[in-house]
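Accompanying notes for the structure given below.
Naming: A, B, ... by sequence-line order, numbering from 1 per chain. From a predicted model like this one, the values you see are computed outputs, not experimental measurements. The figures here come from the full heavy-atom set of this structure, side chains too, leaving out hydrogens, waters and symmetry mates.
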There are 2 protein chains.
Amino acid sequence: MREFMAITKALSDPNRVRMLLALRGRELCVCQITELFGLAPSTVSKHLSVLHNAGLVRSRKNERWVYYRLPGQGAPVMAREALNWVCKSLGGSEEATADQKRLKQILKMDLSEICRRQCQ
Amino acid sequence: MREFMAITKALSDPNRVRMLLALRGRELCVCQITELFGLAPSTVSKHLSVLHNAGLVRSRKNERWVYYRLPGQGAPVMAREALNWVCKSLGGSEEATADQKRLKQILKMDLSEICRRQCQ
DNA sequence: GTCTCATTTCGACATTTGGCGAAACAACAA
DNA sequence: TTGTTGTTTCGCCAAATGTCGAAATGAGAC
C-alpha cells in the first residue's frame, strides 16, 4: 500500500506526468527538463525526487550533469505497470505531443548553453 | 489529460483507494462505507464524489439509501484500466484484507441500525 | 402537507503540496 | 587549493486538500 500510494501521489501532478512522458525512449538531464517546463531548477529537482522515490525514474551522474530515465525491466512490477498505463493513456495526448516537439529543439542545444541561460 | 489527472488525483488518497477495494464485487451504501472507515458522513460523501467525478464509481438511489458500485464494462477505458491496476496491485494487501473482514460484519447489520448509530 | 432521515453541500480549519529564491553540496577545472 | 557550475536542500509563501460539524436537500412515510 505504501509503495502504491507513493506512485499515485507522484502521478497526481500533471508536471510530473509530463516529465515521465518526456523521458520515454531517452534519458534527460535536469537542465533539459527544466528548460522544457519553464520551472525553477529547484522545483524540477523536487519533482524528480518524488518520481525517484516512487520508483518511476532512475538517475545517474555523468560529469557535471545528472541524467534521469525511465526504469527498464528491473523496475518493481507496480511501477512498471503504472508507467505502461501512463504511456498507453497519454502517449498520444496533446500535451505529450507538444512536449515532444519542443524537446526536439532542446535536444539540439548544448547542455552548457542551457544551464548558462538558466543561471541568469 | 484532464480525465487522466482526475483519476490519479482520485487515487492519491489512501481512503479513496480503500473504498474502491471495498466495492469489489458488491455495491455498498454510504452509511456502510462510513461505518467501515470511521469517518464523518460528509467526508465519505466528498470522497465518493471525487471518485464519481473520475468515473471510478457509479451510484444509484434506492429508497432512502444511495448505493455506490464499481462501473462495469460500460466504463471508459482509462477508468477501467485504473481499476484493474488498483485491484491487481492491492487486492491482496493487508489493508484490503482487513477491510474485507470488517466489511463482512457490517454487511450483517441492518442499514437503519447503522445510520442510527452514526446520527448520535 | 408535514415529518423523518440518509445524503450532500457549505464554511471553517489544519495539513499538505507546488512553487520560488537563497544557500549548501558535489564534482570538475584551473 | 580555489573557483565554477549543475543539482539539491532549506525556508518560506500561496493554493489545494482532508476533515469535521452545521445547515440544506430530497425522497419516503405518515
Side-chain angles (χ1 to χ4, degrees), chain A residues 2 5-19 27-54 57-69 106 109-120, chain B residues 2 5-19 27-54 57-69 106 109-120:
Chain A
R2 167 172 286 172
M5 292 314 301
I7 293 175
T8 55
K9 278 179 191 290
L11 295 181
S12 72
D13 178 85
N15 285 333
R16 285 195 290 264
V17 174
R18 284 172 61 199
M19 288 181 194
E27 62 179 10
L28 292 173
C29 110
V30 178
C31 65
Q32 293 174 311
I33 302 174
T34 301
E35 185 70 17
L36 179 59
F37 289 93
L39 295 169
S42 61
T43 303
V44 171
S45 180
K46 203 186 218 174
H47 280 313
L48 288 169
S49 94
V50 171
L51 291 171
H52 191 267
N53 211 281
V57 297
R58 298 256 187 274
S59 68
R60 77 181 174 96
K61 187 156 197 169
N62 186 270
E63 298 181 2
R64 295 186 245 184
W65 293 282
V66 177
Y67 293 88
Y68 283 85
R69 66 179 186 282
I106 292 172
M109 302 166 62
D110 187 57
L111 289 187
S112 309
E113 188 193 340
I114 295 177
C115 292
R116 211 172 311 127
R117 293 175 55 194
Q118 291 169 4
C119 284
Q120 294 165 5
Chain B
R2 168 173 284 172
M5 292 313 303
I7 293 175
T8 55
K9 278 180 191 290
L11 295 181
S12 71
D13 179 84
N15 284 334
R16 285 195 290 263
V17 173
R18 285 172 60 198
M19 288 180 195
E27 62 179 10
L28 294 173
C29 111
V30 178
C31 66
Q32 292 174 311
I33 301 174
T34 301
E35 185 70 18
L36 179 59
F37 290 93
L39 295 169
S42 60
T43 303
V44 172
S45 180
K46 203 187 217 176
H47 280 313
L48 289 169
S49 93
V50 171
L51 291 171
H52 190 266
N53 211 280
V57 297
R58 297 256 187 275
S59 68
R60 76 182 175 94
K61 185 153 197 170
N62 186 270
E63 296 181 4
R64 295 187 246 184
W65 294 281
V66 177
Y67 293 88
Y68 284 85
R69 65 178 186 283
I106 292 171
M109 301 165 62
D110 187 58
L111 289 187
S112 309
E113 187 193 341
I114 294 177
C115 292
R116 212 172 310 125
R117 294 175 54 195
Q118 291 168 3
C119 285
Q120 292 166 8

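Contact annotation: B:Thr43 does not reach the phosphate of D:dT19 (side-chain N/O to OP1 or OP2, under 4.0 Å). For C:dG19, the OP1/OP2 oxygens have a side-chain nitrogen or oxygen of A:Asn15 closer than 4.0 Å. OP1 or OP2 of C:dG18 has at least one side-chain nitrogen or oxygen of A:Arg16 nearer than 4.0 Å. For C:dT17, neither phosphate oxygen OP1 nor OP2 lies less than 4.0 angstrom from any side-chain nitrogen or oxygen of A:His47.
With rounding to whole Å, B:Glu63 atom CD is found 15 Å from C:dT4 atom C1'. To the nearest angstrom, P of C:dT7 lies 9 Å from CD1 of B:Ile114. The interatomic distance linking B:Glu35 (CD) with C:dT7 (P) rounds to 12 Å, in whole Å. Rounded to whole Å, atom P of D:dA16 lies 13 Å from atom NZ of B:Lys46. Remark: P of C:dT8 and CG of B:Leu51 are 12 Å apart, rounded to the nearest angstrom. Here C:dT7 presents its C1' atom at 14 Å from CE of B:Met19, a figure rounded to the nearest Å. A:Trp65 has its CH2 atom 9 Å from the C1' atom of D:dT5, to the nearest Å. Distance CD1 (B:Ile33) to P (C:dT8): 9 Å, rounded to an integer number of Å.
Residue contacts shown for B:Tyr68 are limited to sugar-phosphate atoms, with no base heavy atom under 4.0 Å away. If you check every strand for non-hydrogen atoms under 4.0 Å, A:Leu111 touches nothing.
Interatomic distance, CG of A:Leu39 versus NE2 of A:His47, reported as 6.0 Å (0.5 Å rounding). Taken from CE in B:Met19 to CZ in B:Phe37, the straight-line distance is 5.0 Å, to the nearest 0.5 Å.
Side-chain contact between B:Leu111 and B:Cys31 is present, with at least one heavy-atom pair separated by less than 4.5 Å.
Picking from D:dT7, D:dT17, C:dC20 the nucleotide with the shortest atom distance to the side chain of B:Lys9 gives D:dT17. Relative to the side chain of B:Arg64, the nucleotides C:dC5, C:dT7, C:dG21 differ in distance, and C:dC5 lies closest. When the nucleotides D:dT19, C:dT8, D:dT7 are ranked by their closest atom to the side chain of B:Val30, C:dT8 comes out on top.
For D:dT7, its base never sits under 3.5 Å from the side chain of A:Lys61 at any donor and acceptor pair. One can find a donor-acceptor pair under 3.5 Å joining the base of D:dG21 and the side-chain atoms of B:Ser42.
Between the A:Ser45 side chain and the A:Ser42 main chain, no donor and acceptor come within less than 3.5 Å of each other.
Other residues, nucleotides and ligands place more than 12 heavy atoms under 6.0 Å from the CZ atom of A:Arg60.
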